[in-house]
A.B. asks: 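The structure's right below; bear with me while I get my questions together.
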Amino acid sequence: GFRNIQAAIDHVERPGTRILIQPGIYREKPSLEPQTGRCAELENRSEPLTYHQHKVCPHMQNLIAIMGDSSDPGMACDLPVCRLQLEGTGARPTDVIVENRFHKLNAIRADRADGVYFRNFTVQHAEFNSIYVIETDGFVIDRMLARWNDEYGFLTFSSDHGLYKRCEAYGNGDSGLYPGSAADLGHRRPSIEIRHCSSHHNALGYSGTSGNSTFVHHNRFFQNGTGAVMDSFFPDHPGLPQDSATFRHNLIYANNRDYYKYWADGTCEDIQ
């Protein structure tokens, strides 16, 4: 009985709740209201927001926010939104669309939201990420579509026990799939598994600075500027240098597409 996904999340009373999203386009208009008070003061800061600042001002940078940790000293997920499941009820992911329209940095942010599960809907038009999972132990991105974001489709960072499966990402200005700074476990077990996904028509099909202990198999990376990149280029990412990624049975083909020309001739500016 809610018109906005965030309203349903805010009314969750116990861990393990499943929210079913009916077909439609969700623009989350209440999340677009101007910031007030302390949040308005933080809006002009150049420094990254802390977890607790995101928790107090969840919609400064995020259209939908799932914040799992209370204000106690620990980082464990201990609020009712732990193990939250969001599932679109359409026949295909495009029947349910979270439409950010480049209003917020992230369309959906799941922060310390252990056990979060996303299934069967589309997220699009974010300034940064369609779905951003950070500092989370246990997540699933299942049959999801991320498209037309300024930077990343699915970005997961400093997380463990993660699974991308049957997902699709296209039209993203950086990479479609980005498992960055995953838990560094060597080859003891995968920290992030990516399987049966399709990432195409992005600047990069797959990337992940310090994407440690990832297991990437039975995916397709095609028609991207670059198919797949593993790197240690950028400082201050946990777990550097990158190591222990395993790729098996992936199809990486027909890449080396020139997307820069669309930026150079102004096409991308016209779209925005």
A.B. asks: Evaluate whether atom CD of E47 has more than 12 neighbouring non-hydrogen atoms of other residues, nucleotides or ligands under 6.0 angstrom away.
C.D. replies: yes
A.B. asks: Show the nearest heavy-atom pair for residues T136 and G115, with the distance to one decimal.
C.D. replies: CG2-N, 4.4 Å
A.B. asks: Does CZ in F2 sit with more than 12 non-hydrogen atoms of other residues, nucleotides or ligands closer than 6.0 Å?
C.D. replies: yes
A.B. asks: I'd like to know if the side chain of H161 pairs up with that of R189 as donor and acceptor (distance under 3.5 Å, no hydrogens or angles considered).
C.D. replies: yes
A.B. asks: Any salt bridge between R27 and E99, counting N to O under 4.0 Å?
C.D. replies: no
A.B. asks: Say whether, by atom type as modelled, one donor and one acceptor occur between the side chain of S31 and the main chain of L63 under 3.5 angstrom.
C.D. replies: yes
A.B. asks: Kindly say whether A146 contributes a backbone atom to a donor-acceptor pair with the side chain of S130 at under 3.5 angstrom?
C.D. replies: no
A.B. asks: Counting neighbours of CG on D236 that are heavy atoms of other residues, nucleotides or ligands and sit closer than 6.0 Å, is the number greater than 12?
C.D. replies: no
A.B. asks: Please tell me whether S213 and S191 have a donor and an acceptor in their side chains that are separated by less than 3.5 angstrom.
C.D. replies: no
A.B. asks: Are side-chain N/O atoms of H125 and N100 paired as donor and acceptor at under 3.5 Å?
C.D. replies: no
A.B. asks: Decide yes or no for R119 and L86: does some side-chain heavy atom of the first lie under 4.5 Å from some side-chain heavy atom of the second?
C.D. replies: no
A.B. asks: To the nearest 0.5 Å, tell me how far L240 CG sits from T209 OG1.
C.D. replies: 7.5 Å
A.B. asks: Looking at R147, is its backbone amide N or carbonyl O close enough to the side chain of N149 to form a donor-acceptor pair, meaning the two atoms are under 3.5 Å apart?
C.D. replies: yes
A.B. asks: Is it true that the NZ or CZ of R112 lies under 6.0 Å from the centre of Y51's six-membered ring and within 45 degrees of the ring axis?
C.D. replies: yes
A.B. asks: Keeping the roles fixed (side chain from S181, backbone from P238), state whether a donor-acceptor pair exists under 3.5 Å.
C.D. replies: yes
A.B. asks: How long is the span from the OG1 atom in T214 to the CG atom in L177, to the nearest 0.5 Å?
C.D. replies: 11.0 Å
A.B. asks: Kindly give the heavy-atom pair with the smallest separation between F121 and G88, and that separation in Å.
C.D. replies: CD2-N, 4.0 Å
A.B. asks: I'd like to know if E87 pairs up with R18 as an ion pair, taking the criterion as any Lys NZ or Arg NE/NH1/NH2 lying under 4.0 Å from an Asp or Glu carboxylate oxygen.
C.D. replies: yes
A.B. asks: Can you say whether the rings of F128 and Y132 are parallel (under 30°), tilted (30 to 60°) or perpendicular (over 60°)?
C.D. replies: perpendicular
A.B. asks: Are the side chain of D78 and the backbone of S70 linked by a donor-acceptor contact shorter than 3.5 Å?
C.D. replies: yes
A.B. asks: Between the side chain of T122 and the main-chain N/O of P93, is any donor-acceptor distance below 3.5 Å?
C.D. replies: yes
A.B. asks: At what distance, to the nearest 0.5 angstrom, does CD1 of I141 lie from CD1 of I131?
C.D. replies: 5.5 Å
A.B. asks: Do side-chain atoms of H54 reach the backbone of T50 as a donor and acceptor pair under 3.5 angstrom?
C.D. replies: no
A.B. asks: Any chance you could measure H52, atom NE2, to M67, atom CE, to the nearest 0.5 Å?
C.D. replies: 9.0 Å
A.B. asks: Between F154 and Y164, is any pair of side-chain heavy atoms under 4.5 Å apart?
C.D. replies: yes
A.B. asks: Among side-chain atoms of N212 and S244, is any donor-acceptor pair under 3.5 angstrom?
C.D. replies: no
A.B. asks: Show the atom names and distances, to 0.1 Å, of all donor-acceptor pairs under 3.5 Å that link a side chain in residues 217-225 to residues at least two apart or in another chain.
C.D. replies:
unit_1	atom_1	unit_2	atom_2	d
H217	NE2	E193	OE2	2.7
N219	OD1	H196	N	3.0
N219	OD1	C197	N	2.7
N219	ND2	I194	O	3.0
N219	ND2	H217	O	2.9
N219	ND2	N250	OD1	3.0
R220	NH1	Y253	OH	3.2
Q223	OE1	R257	NH1	2.5
N224	OD1	H201	N	3.3
N224	OD1	N202	N	3.0
N224	OD1	N202	ND2	3.1
N224	ND2	S199	O	3.0
N224	ND2	F222	O	3.1
N224	ND2	N255	OD1	3.2

A.B. asks: Determine whether a donor-acceptor pair (N or O, by modelled atom type, separation under 3.5 Å) exists between the side chain of T17 and the backbone of V12.
C.D. replies: no
A.B. asks: Would you indicate whether the side-chain heavy atoms of M60 and C39 approach each other to under 4.5 Å?
C.D. replies: yes
A.B. asks: We want to know whether H200 and E168 form a side-chain donor-acceptor pair, criterion being a heavy-atom distance below 3.5 angstrom.
C.D. replies: yes
A.B. asks: Do I64 and R109 have side chains that approach each other closer than 4.5 Å (heavy atoms only, starting at C-beta)?
C.D. replies: no
A.B. asks: Between F157 and Y152, is there shared hydrophobic-cluster membership here, with clusters defined by ILVMFWY side-chain heavy atoms closer than 4.5 Å?
C.D. replies: yes
A.B. asks: Hey, are T226 and Y206 close enough side-chain-wise for a donor-acceptor pair under 3.5 Å?
C.D. replies: no
A.B. asks: Around atom CZ of R45, are there more than 12 heavy atoms of other residues, nucleotides or ligands at under 6.0 Å?
C.D. replies: yes
A.B. asks: Would R166 and D142 pass as an ion pair if we require N to O under 4.0 Å?
C.D. replies: yes
A.B. asks: Evaluate the criterion side-chain contact (heavy atoms from CB on, under 4.5 Å) for residue pair K104 and Q61; output intermediate values, then yes/no.
C.D. replies: CA-CA 5 Å; K104 300 293 182 179; Q61 296 183 355; 6.0 Å; no
A.B. asks: Taking atom CG of L84 and atom OH of Y117, what is their separation to the nearest 0.5 Å?
C.D. replies: 13.0 Å
A.B. asks: How many angstroms lie between CG in D111 and CG in D69, if you round to the nearest 0.5 Å?
C.D. replies: 8.5 Å
A.B. asks: What's the verdict on side-chain contact (heavy atoms from CB on, under 4.5 Å) for D114 and C82, showing C-alpha distance, side-chain angles and the deciding distance?
C.D. replies: CA-CA 6 Å; D114 298 356; C82 299; 5.5 Å; no
